[in-house]
Amino acid sequence: MPEGHTIHAAALDQMRDLGGEALQISSPQGRAADVAEHLDGRVLRRIDAYGKHLLYRFAPAGQARVRRADLLTLHIHLGLFGKFFRHASPAAPPTGQKRLRMVGERFTVDVSGVTVCDLLPPPVEEKLLARLGPDPLRSDADPQAFVAALARRRISIAEALMDQQVIAGVGNVYRAEALHAERLEPHVPSNELGDERALALWNRVAEQLRQGLKDRTIVTLPDAPRTSTARRKIPRREAKCVYKRDRCYTCGGPVFQEPLAGRTLWWCPHDQVR
DNA sequence: TTTTTATGGTCAC
DNA sequence: TGACCCTAAAAAT
């Protein structure tokens, strides 16, 4: 169940658990057998996260100096159903449909339900990155690119937030929660928002994503406890202001829901006015 | 035990 | 706009 924070968390966690080691890689389910065969025994050098995409860089085993051309990149996109499972090594044989298993000395990571699990040749990677907007969780992200993208389009801000070419990493929860936190009416045309409010929206999304990365879950209540440990104890359903709620956490009024950009949008008509 | 649900995205029409 | 892909776990029976 991944938005950008989950993806960046996975990159950090898996780098800590598997990074620097030669990994035993297989496809228990068989659907990524070819990928596994190419990567088996290689050394995981780094994991890059861009929006909801993960790029794993693998070097040949036993090679001190690695040329760029010798690296292979594994591209994983969790989609809606994708999940990671972390076990201590040695792990029990996988159950269910596990697309990939990566075995390190200390930890084993299983991958299931993913939309993408492929080797990514450099030219294809270029194309992929070219159609991703700035990712607020990356230090090289350019907020002005987001502001400019909003000004260039004439779609609702709610649609714009879901467009990975406008901003990478936002999903259906953060869309609803960021708009609510900024008191923005979701149907406002993106090019009518103005630079100042656009930048404020960027900063809000960035702050919420960073907090989500820290907490490893989404908690957007304005009065939530400060420590991540305490925040993690809040039941998921109760940790948001409008997403999937009947009543708005802030004002108690009814939350509206409607399909927008193929997903259900939740918003509070009392708090979010034009 | 079964049905439903999900924080995503692509492709064809 | 709708069909479809992918899988586990929560919710309903």
A.B. asks: Using the C1' atoms only, state how far dA12(C) lies from dT7(B), rounded to an integer number of Å.
C.D. replies: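 These two C1' atoms come out 23 Å apart once rounded.
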
A.B. asks: Verify the contact: side-chain N or O of Tyr243(A) to OP1 or OP2 of dT7(B), cut-off strictly under 4.0 Å; return yes or no.
C.D. replies: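 Yes, within the criterion.
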
A.B. asks: Within this structure, what is the NE2-NE2 distance for the pair His77(A) and His75(A), rounded to the nearest 0.5 Å?
C.D. replies: 6.5 Å

A.B. asks: Counting distance only, does the side-chain N/O of Arg231(A) pair as donor-acceptor with the main-chain N or O of Pro225(A) below 3.5 Å?
C.D. replies: yes

A.B. asks: CZ of Arg263(A) versus P of dG9(B): gap in Å, rounded?
C.D. replies: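 Whole-Å distance recorded here is 8 Å.
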
A.B. asks: Taking for each residue the nucleotide of DNA chain C bearing the nearest heavy atom, is the 5' side occupied by Thr115(A) or by Phe85(A)?
C.D. replies: Thr115(A)

A.B. asks: Rounded to whole Å, please give me the gap between CZ in Arg236(A) and P in dT7(B).
C.D. replies: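 Roughly 12 Å, once rounded to whole Å.
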
A.B. asks: Which part of the nucleic acid, if any, lies within contact of Gln29(A), taking any heavy atom under 4.0 Å across all strands shown: a base, the sugar-phosphate backbone alone, or nothing?
C.D. replies: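 Sugar-phosphate, backbone atoms only, no base.
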
A.B. asks: Could Arg86(A) and Asp13(A) be called an ion pair, given the rule that one side-chain N must be under 4.0 Å from one carboxylate O?
C.D. replies: no

A.B. asks: With rounding to whole Å, what would you report as the distance between dG9(B) and dA9(C) at their C1' atoms?
C.D. replies: 22 Å

A.B. asks: Which whole-number value in Å describes the distance from His5(A) NE2 to dG8(B) P?
C.D. replies: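 Checked: the NE2 to P distance equals 10 Å.
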
A.B. asks: Suppose you measure atom C1' in dA8(C) against the same atom in dT10(B); what distance do you get, rounded to whole Å?
C.D. replies: 23 Å

A.B. asks: Mind checking the C1' distance from dT13(C) to dT5(B)? Whole angstroms is fine.
C.D. replies: 16 Å

A.B. asks: Distance check needed: dG9(B) C1' versus Asp118(A) CG, whole Å only.
C.D. replies: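 Distance check: Asp118(A) CG to dG9(B) C1' gives 14 Å.
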
A.B. asks: Grab the NZ-C1' distance between Lys83(A) and dT5(B) for me, whole Å please.
C.D. replies: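 After rounding, the reported distance stands at 10 Å.
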
A.B. asks: Please check the phosphate of dT7(B) (OP1 and OP2 only) for any side-chain N or O of Arg175(A) closer than 4.0 Å.
C.D. replies: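 Result: no.
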
A.B. asks: Can you give each donor-acceptor pair under 3.5 Å made by side-chain atoms of residues 166-174 of chain A, sequence neighbours left out, with the distance rounded to 0.1 Å?
C.D. replies:
{"residue": "Asn172(A)", "atom": "OD1", "partner": "Arg175(A)", "partner atom": "NE", "Å": "3.2"}
{"residue": "Asn172(A)", "atom": "OD1", "partner": "Arg175(A)", "partner atom": "NH2", "Å": "3.0"}
{"residue": "Asn172(A)", "atom": "ND2", "partner": "Thr264(A)", "partner atom": "O", "Å": "2.9"}
{"residue": "Tyr174(A)", "atom": "OH", "partner": "Gln208(A)", "partner atom": "O", "Å": "3.4"}

A.B. asks: Measure from CD on Gln164(A) to P on dT10(B) and round the result to the nearest Å.
C.D. replies: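 So the two atoms are 9 Å apart, to the nearest Å.
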
A.B. asks: Would you say His77(A) reaches dG9(B)'s phosphate, i.e. side-chain N/O to OP1/OP2 under 4.0 Å?
C.D. replies: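 Yes, such a contact exists.
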
A.B. asks: In whole angstroms, how far is the C1' atom of dA6(B) from the CE atom of Met162(A)?
C.D. replies: 12 Å

A.B. asks: Any side-chain N or O of Lys244(A) under 4.0 Å from OP1/OP2 of dA6(B)?
C.D. replies: yes

A.B. asks: Are Arg131(A) and dT10(B) close enough that a side-chain N or O sits under 4.0 Å from OP1 or OP2?
C.D. replies: yes

A.B. asks: Just how far, in rounded Å, is P of dT7(B) from CG of Leu161(A)?
C.D. replies: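 Rounded to the whole Å, the gap is 15 Å.
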
A.B. asks: Is there a side-chain polar atom (N or O) of Lys52(A) under 4.0 Å from OP1 or OP2 of dT7(B)?
C.D. replies: no

A.B. asks: With the threshold set at 4.0 Å, does a side-chain nitrogen-carboxylate oxygen contact exist between Glu192(A) and Arg154(A)?
C.D. replies: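 Yes, charged N to carboxylate O under 4.0 Å.
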
